[in-house]
Amino acid sequence: MVPIIIFGLSALITLGAALAVVTNKNILHSAFYLVLAFAGVASLYVLLEAPFIAVVQVLIYIGAIAILIVFAIMLTRRIGSDDLIQRNAQWIWAAMGAAGLFLVLGWIVYSVNWPVVTQIVPEDTITILGQELLSTYVIPFEVASVLLLAALVGSIIIGRERE
Amino acid sequence: MLNYWLYIGIFLVVAVVVPLVAVLLPVLIAPKKPSARKEEVYECGIESKGNVRIQFKSQYYIYALIFLIFDIEVIFLFPWAVALGELPIFAVVEGVIFIAILFAGLIYAMRKGALAWS
Amino acid sequence: MADLINLIENWIKNLLLGWGASAGLTGFILQALGSVLVVMVCFAIVIVLIWVERKLAGRLQDRFGPNRAGPYGIFQSFADMIKIFTKEYVTPAGAEKGLYNIAPVLAMASVLAIWAVFPFAVNVIGADIHVGVLYIVAVGAFGILAILMAGWSSNNKYALLGASRSVAMLISYEIPMVIALLVPVLLSHSMKLSVIVEAQEPWFIFVAPLAALIFSISSMAEIGKAPFDLLEAESELVAGYHTEYSGMKFGMFYVAEFLHQFTVGALITIFFLGGWTGPMAVRWPILGVIYFYGKSLFIYLVISWIRLSLPRIRIDEMLDLNWRFLIPVSFVNLVAVAIADRVMMEFTLARWIYVLVMFGMNMFILWAALAIAEKNDQAVEREEFPPRPVAVPPGVDSK
């Protein structure tokens, strides 16, 4: 009973905040609503008994990406202080497209016979994660490092060109 | 397992409510005498000029980007550190390679002067 | 009698069950009571700490400190509290009300939230989750957001400038802090705080002194007080992101700062000073709680001592210290500790040999890093200025 109530609350917060992100007139307020949406998603991960992913969600998305977005808004001249219109002429088509996608996804979720895992989620998932990461998935693990290096070099080059 | 997270949830609610009460209490007991003079922006007595939301240096953005990259790296290293005891000794080398690749990036950033405050 | 805390817990539990409450509801009420207790203790500690801090600052700087309200001025905090509660709120013109009012509450909540996972004694543990270490780092993110909110919504140039500077500093120093945290995780093979505490034989400050040092320095920067308090450099930035806050809203930022310093003391205690462990702490859990708070208070006072003694660092020097010294050193330290720990695991060594090797290695890395830093520092070309003429009274020969 309690998990269902919490699920409902988190889903409501996530969706409400997401809606506020796209409808709010002040782009900085949108950024802070996005934080709320991220927090809602994190609590959904907790309910799925994936605490590591939940904490990573908060650490990366709220702790780093949200701050990056706010800095990016501050970098652009005067955008944060003015009321801007977030819609353009095609918003109605976009809304219809999104609604269509929602219906298709909803139908898939409803109609597919999802396999139910009967096994209990292990207590300590992080040790298992670490073992898998360094044995079965060691190549993706190392490639991730190279990808991050590329991102680092790229961000420095872009940042220097701006000056 | 979820029981612990319920405690954290309750704790977070308490942690928000208690400061909220402390902030709301003066609304009831403190005097309220607003005036236009009082509400002026404080700039050491000089009248404020121009737009407050000035444009920022791109330096801040680069710091945030590099922080994001190292944050993600650390996320990968935590499972490595936890599982190290139960992994073959070669796993240490794998982790060290992972760190070394990003360390090269850090040295590149230093050489390019991207981290210096200008 | 030996286990006072669980005794009380069981008593309340049985009382509630006796009144006909269901097991689920009883658990819920107990958890709520526990969290309220922890939060209230935090506030009570801050009230005492403000007096301790002011008295200590006074004595260290050859002043009396508070000495009017009550003996030794012990009622000073209460007088301040009554005053701040009856202070008028002044909201600056053009402030964004919503964000402006949320920011102080969020700043306080983000510090309080860390206390949810602390182990206070052998059987008095908050939420003993498997991702405890990452949880602590993650909730700190809300504090950074609160600073950004406060700076942006105040409609004040100094507040905005102060906020972005302090956020740049906070996110920079978070990197060495988290890498230093990886070392206790690596040594105890767990992110569970209770396991980290129990794995400390001896305390990790002896096994990994360099990680403890890096964690302490970067945590001090995270607190944002001297010597890292450049956001409060009055001559440049007025008071930083909370320039426009008054009354209890400012009070929340102030209390959050104090509590954050105490929380850092608690974190250093948990990760490097053995947490609640101490003589007889397993048999008498109440002693564990006392050890935990005592060690935290000790670290708090040491941090106060450091910050009352050192001058403020300039922002470019501070960022250089982080990116050019702390981060590279913490990476090297992590790699060295990982290799040494894993290799020594292959051989069955006595614990004291293991500790000795670890300690020696840490000291060597620190020495090498300092030597390299000094060499680089000498290589930097500094602009030499000729001595400026000083105003002298006429007729006096200036030398």
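Order of the sequence lines fixes the chain letters, A, B, ..., with proteins taken first and strands second; residue numbering starts at 1 for each chain. Side-chain atoms are counted along with the backbone in the values below, which use heavy atoms only and exclude waters and symmetry mates.
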**Q** Of all of C:Ile339, C:Val39, C:Leu182, which one pairs up most often with chain B through heavy atoms under 4.5 Å apart?
**A**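 Among the listed options, the one with the most contacts to chain B is C:Leu182.
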
**Q** Using a cut-off of under 4.5 Å on heavy-atom pairs, state which of C:Val185, C:Asp128, C:Asp341, C:Leu181 scores highest against chain B.
**A** C:Asp128

**Q** Name the region of C:Met191, side chain, backbone, both or neither, that has any atom closer than 4.5 Å to a heavy atom of chain B.
**A**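 For C:Met191, the contact with chain B is made by backbone and side chain together.
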
**Q** Which bit of B:Glu73 is near chain C, if near means a heavy-atom gap under 4.5 Å: side chain, backbone, both or neither?
**A**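 Only the side chain of B:Glu73 comes within 4.5 Å of chain C.
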
**Q** When C:Tyr245 is tested against each of C:Tyr100, C:Tyr89, C:Tyr254 for ring pair (Phe, Tyr, Trp, His ring centres under 6.0 Å), which residue passes?
**A** C:Tyr100

**Q** Side chain, backbone, both or neither: which part of C:Leu134 has an atom under 4.5 Å from a heavy atom of chain B?
**A** side chain

**Q** Using the side chain to side chain contact (heavy atoms under 4.5 Å, CB included) rule, take C:Met169 and C:Asn322 through it: C-alpha gap first, then chi angles, then the decisive distance, then the call.
**A** CA-CA 9 Å; C:Met169 183 186 87; C:Asn322 180 58; over 6 Å; no

**Q** Could you look at C:Val133 and say if it's the side chain, the backbone, both or neither that has a heavy atom under 4.5 Å from chain B?
**A** side chain

**Q** Nearest 0.5 Å, please: how far is CG in C:Leu259 from CE in C:Met108?
**A** 4.5 Å

**Q** Which heavy-atom pair separates C:Leu112 from B:Phe11 by the least distance, and what is that distance?
**A** O-CE2, 3.1 Å

**Q** Verify side chain to side chain contact (heavy atoms under 4.5 Å, CB included) between B:Trp80 and B:Glu94, making sure each step is shown before the conclusion.
**A** CA-CA 9 Å; B:Trp80 168 73; B:Glu94 290 167 354; 5.8 Å; no

**Q** Heavy-atom distances under 4.5 Å only: say whether C:Val137 touches chain B with side chain, backbone, both or neither.
**A**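 Looking at C:Val137, nothing touches chain B.
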
**Q** I need the minimum non-hydrogen distance between B:Leu84 and C:Arg342, along with the two atoms involved.
**A** O-NE, 3.1 Å

**Q** Heavy-atom pairs under 4.5 Å with chain B are the metric here; pick the option from C:Arg324, C:Glu346, C:Met252, C:His189 that has the most.
**A**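 Looking at each of C:Arg324, C:Glu346, C:Met252, C:His189 in turn, C:His189 comes out on top.
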
**Q** Please assess C:Tyr173 against C:Leu321 for the test side chain to side chain contact (heavy atoms under 4.5 Å, CB included), listing each intermediate value before the final yes or no.
**A** CA-CA 10 Å; C:Tyr173 274 86; C:Leu321 169 71; 3.5 Å; yes

**Q** For C:Val343, is it the side chain, the backbone, both, or neither that has a heavy atom closer than 4.5 Å to a heavy atom of chain B?
**A** both

**Q** At a heavy-atom separation under 4.5 Å, does C:Phe28 approach chain B through its side chain, its backbone, both, or neither?
**A**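 Contact with chain B involves both backbone and side-chain atoms of C:Phe28.
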
**Q** Where does C:Leu334 contact chain B at under 4.5 Å (heavy atoms): side chain, backbone, both or neither?
**A**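 When you check distances to chain B, only side chain atoms of C:Leu334 fall under 4.5 Å.
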
**Q** Is the ring pair B:Phe70/C:Phe331 parallel, tilted or perpendicular, if the boundaries are 30 and 60 degrees?
**A**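 Geometry flag for C:Phe331 against B:Phe70: tilted rings.
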
